[in-house]
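Working notes, structure below.
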Amino acid sequence: MGLRVYNSLTKRKEEFVPIKEGRVNMYVCGVTVYDVCHIGHARANIVFDVIYRYLQSAGYEVKYVRNFTDIDDKIINRANEAGKPCREITTRYIKEFNDDMSRLNLKKPTIEPRATQHIPDMINTIKTLVEKGHAYVIEGNVFFSVESFSEYGKLSSRSMDELLAGARVAVDERKRNPLDFALWKASKPSEPKWESPWGEGRPGWHIECSTMSAKYLGNTFDIHGGGKDLIFPHHENEIAQSECSTGQKFVNYWLHNGFVNINSEKMSKSLKNFFTIKDVLKEYHPEVVRMFLISNHYRSPIDFTDNNLRETKGNLDRCYTMLKLLKEKLSAKEGADAAQSFDAAKALKGRAASFMDSIKEAMNDDFNTAVSISILFELVRLTNRYISAPEFSVCAGSKQILGAVKERLNSFADIFGILTYDPDAYLSEEKSEALSKLGISESDILKLIQERADARRDKDFARADAVRDKLINHGIILEDTAQGTKWKAKT
RNA sequence: GGCGGUGUAGCCAAGUUGGCUAAGGCAGAGGUCUGCAAAACCUCGAUCCAUCGGUUCGAAUCCGUUCACCGCCUCCA
């Protein structure tokens, strides 16, 4: 079965059929660059990053466009507050955004256009809308006339009457209809401005996406994404602008991700209950954040709590612990070849063989990352079971099985962007992070481990256990293994 | 007020275009291993999917009722 996606426009899952076979054109609304990004931005961008990666792995050639809104009221306000030019603000926050996204291991989109670099294109779109009678000019402002577009409201499934009834915003008296929105705004003296047929001004918010998506992806393209909060008015207005200016259908599939909640409430700037990506990354490894954000279905809300993040960290650690074991076995010296026909071997071999098909099945069902992760856990468990089975030994046959597992995990990592580190690097990084928090040095730990080893050698278990308890009180847990005693931090 | 979404084991959560044993994780219990632990592995949990009623041979999944929570209608991923 092929890919099926939930389309916000039709409100149902549909078979995904690209306009051009084997190619996908996708546009995702990016950020307005006036502040650092919060974890909600992380979710939206990670969700579409995984979709981008998955489509590529499914064999599509994907053109992925994600914009930067670098001219906007909020930017102007921020610039005025700081007494700096807008350009300085946007340059800084574009850099901050790129830093955050690269730490979270997001792939670069194919094109990242900026609004201010497409002003002439936007002016052309607006001109067309005015010529076709979908927009009107008042005192240097250009407004889109929603009444000129009979399908206005189709994405948010509301009629204009309903929208008007709920309107809570102060109405600009100059508009013909309160729902009309600005395509071009006459600029005030200190604001950034560009020449236009209507005088000096700047573009409205929505026009950039209509213009830039058409420029890079064509009048009609396959996927348009963004957060649920953009459905109205942003995406509704994009549809109106684009379909009126081109006379063609704008987008075939609309995808919207759910919110990140804090204590079950939407996280937002106005509620001041947000966490920035940088703050979160101080506490958690980037892959923990990624794994957490893809552990739910992308359309569902996800509750951002310390408890949930810690649980995810425990799961990721378990995966890396298995990867480390896998790495050790694969590089260990081979013994005499042994039959791989015991239960644990057969089960793992079967799972490894069907692994990618199962992932594909899950992802083909509207990008079900939650199920994908459950499939990963199953592979991890079966691998651990295999390696710890009494019949297991390192030999040509077992290396072949483990090599197959490793290969599957690499494919998994390519799609989901987690489990991409060398396990030793990941685990030692976790250890040193923990040490700095626990306030105990590694040499102290090793000294105590030696002390305990001496006591154990003397069969003085009371003293050995006392040493271990002391370490537990410091948040250090010991593991006695065939290769000696190892330590790790309590999660 | 209008529109939309959600309600599944102690907790997180998938499944919701009706039909194999209701995924997976955390916590918990027992076991294997261990001097004892830890890790890993094994076993155990919802006769039931907010509520009431209906459709059907068959529903967590469809229809209607009630209750609760959330989002959008304002900048917002």
Side-chain angles (χ1 to χ4, degrees), chain A residues 4 8 11-14 28-32 34-35 37-48 72-74 77 153 156-159 161-170 179 205 225-234 236 256-261 264-271 274 292 295-297 299-303 305 307-308 310-312 314-315 317-318 321-322 325 344 358 362 365 368-378 380-390 456 459-462 464-465 468-469 472 477-481 485-488 490:
Chain A
R4 296 176 66 81
S8 304
K11 298 181 178 49
R12 64 180 63 150
K13 277 188 207 171
E14 296 174 353
V28 174
C29 287
V31 290
T32 300
Y34 74 106
D35 204 350
C37 289
H38 59 228
I39 199 71
H41 296 110
R43 183 181 196 189
N45 283 287
I46 286 170
V47 160
F48 288 103
D72 174 87
D73 289 351
K74 292 191 291 296
N77 290 342
S156 47
S157 56
R158 268 172 288 215
S159 68
D161 288 345
E162 286 165 355
L163 286 165
L164 280 171
R168 285 187 265 149
V169 66
L179 294 173
W205 173 33
K228 271 192 159 78
D229 48 356
L230 296 180
I231 292 174
F232 190 89
H234 187 52
E236 196 71 71
H256 292 98
N257 64 277
F259 299 127
V260 175
N261 289 160
S264 307
E265 282 215 320
K266 178 189 169 184
M267 171 166 74
S268 76
K269 293 243 162 167
S270 47
L271 289 172
F274 59 92
F292 172 66
S295 65
N296 270 29
H297 189 90
R299 282 189 283 119
S300 310
I302 188 165
D303 210 23
T305 66
N307 209 32
N308 288 343
R310 267 203 303 272
E311 191 177 302
T312 302
N315 286 147
D317 287 354
R318 187 159 58 90
T321 305
M322 182 280 275
L325 198 60
S358 296
D365 185 11
N368 198 327
T369 52
V371 167
S372 301
I373 286 180
S374 77
I375 294 164
L376 169 71
F377 288 153
E378 195 190 347
V380 171
R381 193 179 69 247
L382 289 175
T383 305
N384 278 325
R385 182 201 287 181
Y386 173 62
I387 291 175
S388 61
R456 291 179 75 206
K459 304 276 184 213
D460 185 354
F461 295 118
D465 290 349
R468 187 171 58 198
D469 287 345
I472 286 172
I477 292 169
L478 297 186
E479 285 177 34
D480 296 326
T481 75
T485 299
K486 294 177 179 175
W487 67 271
K488 66 173 196 173
K490 218 191 304 188

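Owing to the predicted nature of the structure, the values given are computational and were not obtained by experimental measurement. A, B, ... follow the sequence lines: proteins, then strands. Residue 1 opens every chain. Scope of the values below: all heavy atoms of this structure, side chains included, with no hydrogens, waters or symmetry mates.
- Using C1' as the reference atom, B:C20 and B:U34 are 42 Å apart when rounded to the nearest Å.
- One N or O donor and one acceptor, one from the side chain of A:Arg468 and one from the base of B:A37, sit under 3.5 Å apart.
- Checking the phosphate oxygens (OP1, OP2) of B:U16, a side-chain nitrogen or oxygen of A:Lys13 falls inside 4.0 Å.
- Comment: A:Asp35 does not engage A:Lys74 in a salt bridge, judged by the lack of any side-chain N to carboxylate O separation of less than 4.0 angstrom.
- Figure legend: cation-pi geometry between A:Arg318 and A:Phe377, with NZ or CZ positioned under 6.0 Å from the six-membered ring centre and within 45° of its axis.
- Scored by the ring pair (Phe, Tyr, Trp, His ring centres under 6.0 Å) test, A:His41 finds A:His38 as partners (sequence neighbours excluded).
- Rounded to an integer number of Å, the gap from CG of A:Asn296 to C1' of B:U6 is 13 Å.
- Applying the 4.0 Å criterion to OP1 and OP2 of B:C33, one finds that A:Thr481 has every side-chain N and O outside that range.
- Summary of the strand contacts: A:Ser157 and A:Phe232 both lie near RNA chain B, and taking for each the nucleotide with the nearest heavy atom, the more 5' one is attributed to A:Ser157.
- Contact between the side-chain N/O atoms of A:Asn368 and the OP1/OP2 oxygens of B:G15 is found at a separation under 4.0 Å.
- Backbone-only contact: A:His297 has heavy atoms under 4.0 Å from sugar-phosphate atoms and none from a base.
- Rounded to a whole Å, the CG atom of A:Asp365 is 13 Å from the C1' atom of B:A23.
- Residue A:Arg158 has its side chain nearest to B:G2 when only B:A77, B:G71, B:G2 are considered.
- Only the P atoms considered, B:U61 is 9 Å distant from B:C49, to the nearest whole Å.
- Between B:G25, B:A14, B:A77, one nucleotide has an atom nearer to the side chain of A:Ala44 than all others, and that is B:A77.
- For the pair A:Asn261 CG and B:C76 C1', the interatomic distance rounds to 14 Å; values are reported in whole Å.
- Among the heavy atoms of the strands lying under 4.0 Å from A:Gly258 is at least one base atom, whether or not backbone atoms are also near.
- As judged by a 4.0 angstrom heavy-atom cut-off over every strand, A:Met322 is placed among residues making no nucleic acid contact.
- Here, B:C62 and B:U17 have their C1' atoms 10 Å apart, quoted to the whole Å.
- Across every strand in view, B:A22 sits unpaired, with no contact that passes the Watson-Crick or G-U test at under 3.5 angstrom.
- Among the atoms of the strands shown, base atoms are found under 4.0 Å from some heavy atom of A:Gly40.
- Using N1 to N3 plus N6-O4 or O6-N4 for Watson-Crick, or N1-O2 and O6-N3 for G-U wobble, each under 3.5 Å, B:U32 pairs with B:A40.
- One P atom belongs to B:C73, the other to B:U47, and the distance between them is 41 Å to the nearest Å.
- Summarising the base pairing, B:C3 is matched to B:G71 through a Watson-Crick or G-U wobble pair whose two defining distances lie under 3.5 Å.
- We find that CZ of A:Arg299 is positioned 18 Å from P of B:C72, with the value rounded to whole Å.
- Using a 4.5 Å heavy-atom threshold, the side chains of A:Ile472 and A:Lys490 count as touching.
- Phosphate contact (OP1/OP2 of B:C76, side-chain N/O of A:Trp205, threshold under 4.0 Å): present.
- Looking at the side chain of A:Asp480, the nearest of the listed nucleotides B:C36, B:G24, B:C72 is B:C36.
- The side chain of A:Asn384 places an N or O atom within less than 4.0 Å of a non-bridging phosphate oxygen (OP1 or OP2) of B:C41.
- Each of B:A23, B:C41, B:A77 was ranked by its minimum atom distance to the side chain of A:Val371; first place goes to B:A23.
- Of the candidates B:A39, B:C26, B:C75, B:C26 carries the atom nearest the A:Arg318 side chain, counting heavy atoms from C-beta on.
- The CG atom of A:Asp317 sits 12 Å away from the P atom of B:C26 (whole-angstrom rounding).
- Between the C1' atoms of B:A60 and B:U6, the separation comes to 14 Å (whole Å).
- Looking at A:Lys486 and A:Asp480, no side-chain N of the basic residue comes within less than 4.0 Å of a carboxylate O on the acidic one, giving no salt bridge.
- With 3.5 Å as the limit, one finds no donor-acceptor pair spanning the side chains of A:Thr32 and A:Asp72.
- If you check every strand for non-hydrogen atoms under 4.0 Å, A:Val260 touches a base.
- Both distances falling under 3.5 Å, in either a Watson-Crick or a G-U wobble arrangement, occur for no nucleotide opposite B:A13.
- Regarding A:Asp460, its CG atom lies at a distance of 16 Å from the P atom of B:C36, rounded to whole Å.
- Straight-line distance from the CD atom of A:Glu311 to the P atom of B:G24: 15 Å, rounded to whole Å.
- Nucleotides B:A59 and B:A22 have their C1' atoms positioned 12 Å apart, rounded to a whole Å.
- Along RNA chain B, the nucleotide nearest A:Ser268 and the nucleotide nearest A:Ala462 are compared for position; the residue whose nucleotide lies closer to the 5' end is A:Ala462.
- Side-chain atoms of A:Arg456 do not come within 3.5 Å of backbone N or O of A:Ala464 as any donor-acceptor pair.
- The phosphate of B:U17 has neither OP1 nor OP2 within less than 4.0 Å of any side-chain N or O from A:Arg4.
- A donor-acceptor contact closer than 3.5 angstrom links the side chains of A:Asn308 and A:Thr305.
- Checking the phosphate oxygens (OP1, OP2) of B:C72, a side-chain nitrogen or oxygen of A:Lys266 falls inside 4.0 Å.
- Here A:Asn315 lies in heavy-atom contact (under 4.0 Å) with sugar-phosphate atoms only.
- Across all strands shown, A:Leu478 has heavy atoms under 4.0 Å from base atoms, whether or not it also approaches the sugar-phosphate.
- The side chain of A:Arg381 lies closest to B:C42, out of B:C42, B:C70, B:A40.
- Geometric assessment of A:Arg158 against the ring of A:Phe232 yields a positive cation-pi assignment under the 6.0 Å and 45° thresholds.
- On the P atoms, B:U16 is 23 Å away from B:C11, given to the nearest whole Å.
- Going from atom NZ of A:Lys228 over to atom P of B:C72 covers 11 Å, rounded to whole Å.
- Comparing the C1' positions of B:G35 and B:U43 gives a spacing of 26 Å, expressed to the nearest Å.
- Nearest to the side chain of A:Arg456, among B:G35, B:C42, B:C26, sits B:G35.
- Interface remark: the A:Asp465 side chain does form a donor-acceptor pair with the B:G35 base, using a distance-only criterion of under 3.5 Å.
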